[in-house]
Amino acid sequence: MRDLNYKEHKIMAVEPESIAEEVGIEAGDTLLGINEENIQDVFDYRYLIADEEITLAIRKANGEEWAIEIEKEYGEDLGLVFENSLMDELIRCRNKCLFCFIDQLPPNMRETVYFKDDDWRMSFLNGNYITLTNMAETDMDRLIKYHLSPINISIHATSKEIREHMLTNRFAGDIISQIKRLVEAGIEINGQIVLCKGINDGEVLDQTIRDLSAFIPHILSLTVVPVGISKFREGLASLKGFDKESSREVIDIIHSWQNYYLEKMKTRFVFAADEFYIKGEVPLPTYEEYEDFPVLDNGVGMATKFRHELLEALEQKDWSKVSQKPFKASIVTGCLTEDFMKECVQLLKEKCPSLTLEVYPVSNHFFGEEITVTGLLTGQDILRTLRQKENLGQVVLLAENMLKCGENILLDDYSIERLQEELRLPIVIVPNQGSLWLDQIIELKEKQI
């Protein structure tokens, strides 16, 4: 008999011509269980529906409960659509990390942006970084059971005392044994260190890299990124950003370990965020030195990869077929990448002299001027900067990583449509891949938008 404590999952839609439609399941029905097993989330669901013969417990909209026996191909989907892809509530982070950016957000933003996610399932599905401190023993068992690999882990420090201090969690210091348990179960890991000046840099960083190297090749990569410091830190721990000298110190440590591991293990293993190189005024690594770019979304190697793709695309394009009619556009970027974007524009200009691209760095007044990356720019700051300029050209170009995932909205809830109306110019979202960026610009030029 079905356990009365089983979790229920409301069915929002049924795909046309699917197995679910064929057996009479409809939107508004509720999934109660499969093979008399509870379904906590999408991983239980996918695991249980994989078999060739299954029995669904369904409650119809009128309250009737049906037991539906289904025969199908192994792995064949049922065609059920639920309210969210996880089929469960997200696990909330209970840490009080010294560096947490959510704690540094201004008031009166959309409620959802203040939610602190530390869900191991989203690490597998979306690449989110997790601390492992918000996992129950059953969570760890399920991660291993379903072999969710790779998983992305925020490590920060292997020192028990330093990690507990950084996460403000007295149970956070057992990270080495947790990683050991995962890799012994065949789970691969991408590691992250959010570096805080004077806390986990210097000798602490050196020791963390040393300790984690014991898990190569099961730890696929280790990325080191600088802490983001907004102007909204009242009542929070005092943190300092990295300058030229301290950025170079970080790079020296990382390069030293890269050289060691490349010789011993044929991998550089540990990588620094682009921001350290740019602030330290150190040349970015070459395309080959990033070893297939294990964690691009973490701001590691994005500039080098973009330039490499752009250079290849510039050489491959038949410029004789590109119109010589003049075209002008404005490019918005964060202050950190101003010089880099100007270099890319110059490379394009050499191939296509009739194209004029003006690069406008935008100071981040919304979060504070220590935030210099492009991905955290807001509509109001973009508007403030561009309104002061004359002749922005025919179009304004914004990078796609400025947008909220899946929405045509910037971080301060400025819509692209609103920005267009206030600037009285069309806005085009351009990709973060160098070749696609070039294609988009040339297409705009040909159409004379």
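Just so we're clear, the structure is a prediction, and the values are computed from it rather than from any experiment.
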When rounded to the nearest 0.5 angstrom, what distance separates [atom1] in [X] from [atom2] in [Y]?
X	Y	atom1	atom2	result
K349	K351	NZ	NZ	15.0 Å
S230	L105	OG	CG	7.0 Å
L284	E289	CG	CD	10.0 Å
H156	C196	NE2	SG	8.0 Å
E446	E443	CD	CD	9.5 Å
Q178	L132	CD	CG	5.0 Å

Is it true that a side-chain atom of [X] and a backbone atom of [Y] form a donor plus acceptor pair closer than 3.5 Å?
X	Y	answer
T208	V204	yes
Q394	K328	yes
D318	S320	yes
S123	N128	yes
N200	A157	no
Q420	I427	yes
E37	L48	no
D274	M302	yes
K305	F293	no
Q258	V270	yes

Side chain proximity check, [X] to [Y], heavy atoms < 4.5 angstrom:
X	Y	value
R268	E291	yes
L222	F269	yes
N134	W120	no
Y129	V194	no
C352	V322	yes
I189	F215	no

Any ion pair linking [Y] and [X] (charged N to carboxylate O, less than 4.0 Å)?
X	Y	answer
D44	K7	no
K72	E76	no
E358	K389	no
D339	K342	no
D77	R46	yes
R121	D88	yes
R94	D118	no
R233	D103	no
D117	R92	no
E164	K96	no

Atom of [X], atom of [Y] and distance for their closest heavy-atom approach:
X	Y	value
K240	V227	O-CG1, 4.3 Å
A313	L438	CB-CD2, 3.6 Å
F232	Q104	CB-O, 3.2 Å
A172	R163	O-NH1, 2.7 Å
C335	V362	SG-O, 3.6 Å
N432	A399	OD1-CB, 3.6 Å

* Quick one: side chain to side chain contact (heavy atoms under 4.5 Å, CB included) partners of I253, sequence neighbours excluded? -> L205, D206, I209, W257

* Structure fact -> Residue set satisfying side chain to side chain contact (heavy atoms under 4.5 Å, CB included) with V282, at least two apart, ordered chain then number -> R248, I251, Y277

So, [X] and [Y]: side-chain donor and acceptor under 3.5 Å apart, yes or no?
X	Y	result
E263	N259	no
D381	T378	yes
S354	K445	yes
N190	S221	yes
Q192	S154	yes
D412	Q380	yes

Determine whether more than 12 heavy atoms belonging to other residues, nucleotides or ligands lie under 6.0 Å from atom [atom1] of [X].
X	atom1	answer
E350	CD	yes
E83	CD	no
Y74	OH	no

* Partners meeting salt bridge (charged side-chain N to carboxylate O under 4.0 Å, His left out) with D243 (sequence neighbours left out) ->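 In terms of salt bridge (charged side-chain N to carboxylate O under 4.0 Å, His left out), with neighbours along the sequence ignored, D243 is linked to K197.
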
* To do: Please test K160 against D174 for side-chain contact (heavy atoms from CB on, under 4.5 Å), starting from the C-alpha separation and ending with a verdict.
  => CA-CA 7 Å; K160 181 178 184 296; D174 201 24; over 6 Å; no

* To do: Carefully, step by step, assess T333 and Y360 under the rule side-chain hydrogen bond (donor to acceptor under 3.5 Å, both in side chains).
  => CA-CA 6 Å; T333 188; Y360 292 113; over 6 Å; no

Going by ring pair (Phe, Tyr, Trp, His ring centres under 6.0 Å), name the residues that satisfy it together with [X], two or more places apart in sequence or in a different chain.
X	answer
F327	none
H9	none
F271	none

* Would you call the rings of F340 and F306 parallel, tilted or perpendicular, where under 30° means parallel and over 60° means perpendicular? ->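 Because their plane-to-plane angle is over 60°, the rings of F340 and F306 count as perpendicular.
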
* Aromatic ring proximity Y146/F124, centre distance under 6.0 Å -> no

* Measure centre to centre between the rings of F101 and F367, then say whether the value is under 6.0 Å. =>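 Judged by ring-centre distance (under 6.0 Å), F101 and F367 do meet the cut-off.
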
* Audit row: T131, N95, side-chain hydrogen bond (donor to acceptor under 3.5 Å, both in side chains) steps and yes/no -> CA-CA 9 Å; T131 65; N95 299 319; 3.2 Å; yes

* **K145 charged N/C atom sitting above Y47 aromatic ring, 6.0 Å / 45°** => yes

